[in-house]
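Read through the structure below, which is laid out as structure tokens, and then see the notes.
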Amino acid sequence: MSNRENADVLIVGAGPAALFAIFQLGIYGFRCHLVDRLDRAGGQCAVLYPDKPIYDVPGFPETCGGALTELLMRQAAPCEPRFTLGRAAVELACEADGTWEVGLDDGTRLRAGGVILATGIGMFDIPPGGAVEAAELVPGPAAQWPLERSRGGIRVDPATFETARKGLFAIGDACDYPGKLKLILSGFHEAALATQQMRRHLSGGKRSSVEYSTTSRRVRQRLGRD
Ligand SMILES: Cc1cc2nc3c(=O)[nH]c(=O)nc-3n(C[C@H](O)[C@H](O)[C@H](O)COP(=O)(O)OP(=O)(O)OC[C@H]3O[C@@H](n4cnc5c(N)ncnc54)[C@H](O)[C@@H]3O)c2cc1C
């Protein structure tokens, strides 16, 4: 990564899939900028069911939405993500040079080499003190973006999680492919594969191998562990 001011990757949505993508990109030296319409990170887990027990995250016999979000944020922290919260992404465009531009609802325009749509079930509102059942889905602008869709999700290649547009990816509840499960663990898998392909995209098609913190000093340094 060349410039610490500009992000390499823009992520729309800051739910669990997006938070894990920060870490996956960060260990390879890429920096992310996340935008979420909500005033906090964590998506459905943090807002719709922060205290409900979750039993199906591998390695955690029991956790809950709030605790999982906190751990994902801690895991992502060494990768120095930037967050713009309380703002919706309303426009998405690919520029002539292949970079992507995302327009926010306050007129801000953000540019990056690649975009990950981690928009989940879309934008939602929950009245203060309201219950999960009171949550209302707000038809988000992402639904209008000209992307191929299947079963309401953004159609992706399940090997790379790239859409039909180069440099544009979709992960988590936002994407669809044969066998898609709307679960947190699926979002983590999708983030891992999407970020490998994003890495290739950002390095001009160069193939790179997986690096483990056990064997890669560079990875340990990026995580502040060496
Ligand atoms: C009550 C309930 C219980 C659940 N229990 C479990 C469980 O036990 N185990 C399990 O695995 N899964 C469970 N799930 C499902 C799980 O929460 C989802 O699969 C997971 O949250 C999807 O994560 P995500 O990152 O894809 O998206 P989300 O968590 O949906 O996050 C997407 C984010 O994108 C933002 N966004 C959308 N559009 C825009 C835009 N245009 N601009 C800016 N921001 C935008 C939204 O504000 C949101 O914060 C449950 C879901 C619910 C509702």
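Just so you know, ligand 1 is whichever comes first in the structure, and atom 1 is the first atom listed for that ligand. Excluded from the calculations below are hydrogen atoms, water molecules and symmetry mates; all remaining heavy atoms, backbone and side chain alike, are included.
- Near Gly172, the atoms of ligand 1 lying under 4.0 angstrom from a non-hydrogen atom of the residue are 26 (O).
- At least one N or O atom of Asp56, backbone or side chain, sits closer than 3.5 Å to an N or O atom of ligand 1.
- Ion pair Arg87/Asp105 flagged as a salt bridge, since at least one NZ, NE, NH1 or NH2 atom sits closer than 4.0 Å to an Asp/Glu carboxylate oxygen.
- Within the listing of ligand 1, atoms 43 (C) sit less than 4.0 angstrom from a heavy atom of Arg87.
- Looking at Phe20, Tyr49, Trp145 and measuring to atom 13 (C) of ligand 1, the nearest heavy atom belongs to Tyr49.
- Residue Ala118 places a heavy atom under 4.0 Å from ligand 1.
- In this structure, Leu92 is a member of the same hydrophobic cluster as Ile154, with clusters built from ILVMFWY side-chain heavy atoms closer than 4.5 Å.
- Between Val156 and Asp176, the closest side-chain pair of non-hydrogen atoms is not below 4.5 Å.
- Only the side chain of Val12 comes within 4.0 Å of ligand 1, counting heavy atoms alone; its backbone N, CA, C and O stay farther away.
- Of the options Lys182, Glu190, Gln44, Gln144, the smallest heavy-atom separation from atom 28 (P) of ligand 1 is shown by Gln44.
- Inclusion of Leu48 in the set of residues having an N or O under 3.5 Å from an N or O of ligand 1 is not warranted.
- Considering backbone and side-chain atoms alike, Asp173 places an N or O below 3.5 Å from some N or O of ligand 1.
- Contact between Val219 and Ser216 at its shortest, heavy atoms only, is N-OG, 3.1 Å.
- Linking ILVMFWY residues whenever their side-chain heavy atoms come closer than 4.5 Å, directly or via other members, places Ile171 and Leu68 in the same cluster.
- Taking only non-hydrogen atoms, the option from Gly42, Gly120, Ala17 nearest to atom 25 (O) of ligand 1 is Ala17.
- Under the 4.5 Å side-chain heavy-atom criterion for Ile, Leu, Val, Met, Phe, Trp and Tyr, Met73 and Leu71 are members of the same hydrophobic cluster.
- Across the listed options Pro16, Gly43, Gly15, Pro16 owns the non-hydrogen atom lying nearest to atom 23 (O) of ligand 1.
- At a heavy-atom distance under 4.0 Å, atoms from both the backbone and the side chain of Ala89 approach ligand 1.
- The hydrophobic clustering, which links ILVMFWY residues whose side-chain heavy atoms are closer than 4.5 Å, places Met198 and Leu110 apart.
- With salt bridges taken as basic N to acidic carboxylate O contacts below 4.0 Å, one links Arg199 and Glu211.
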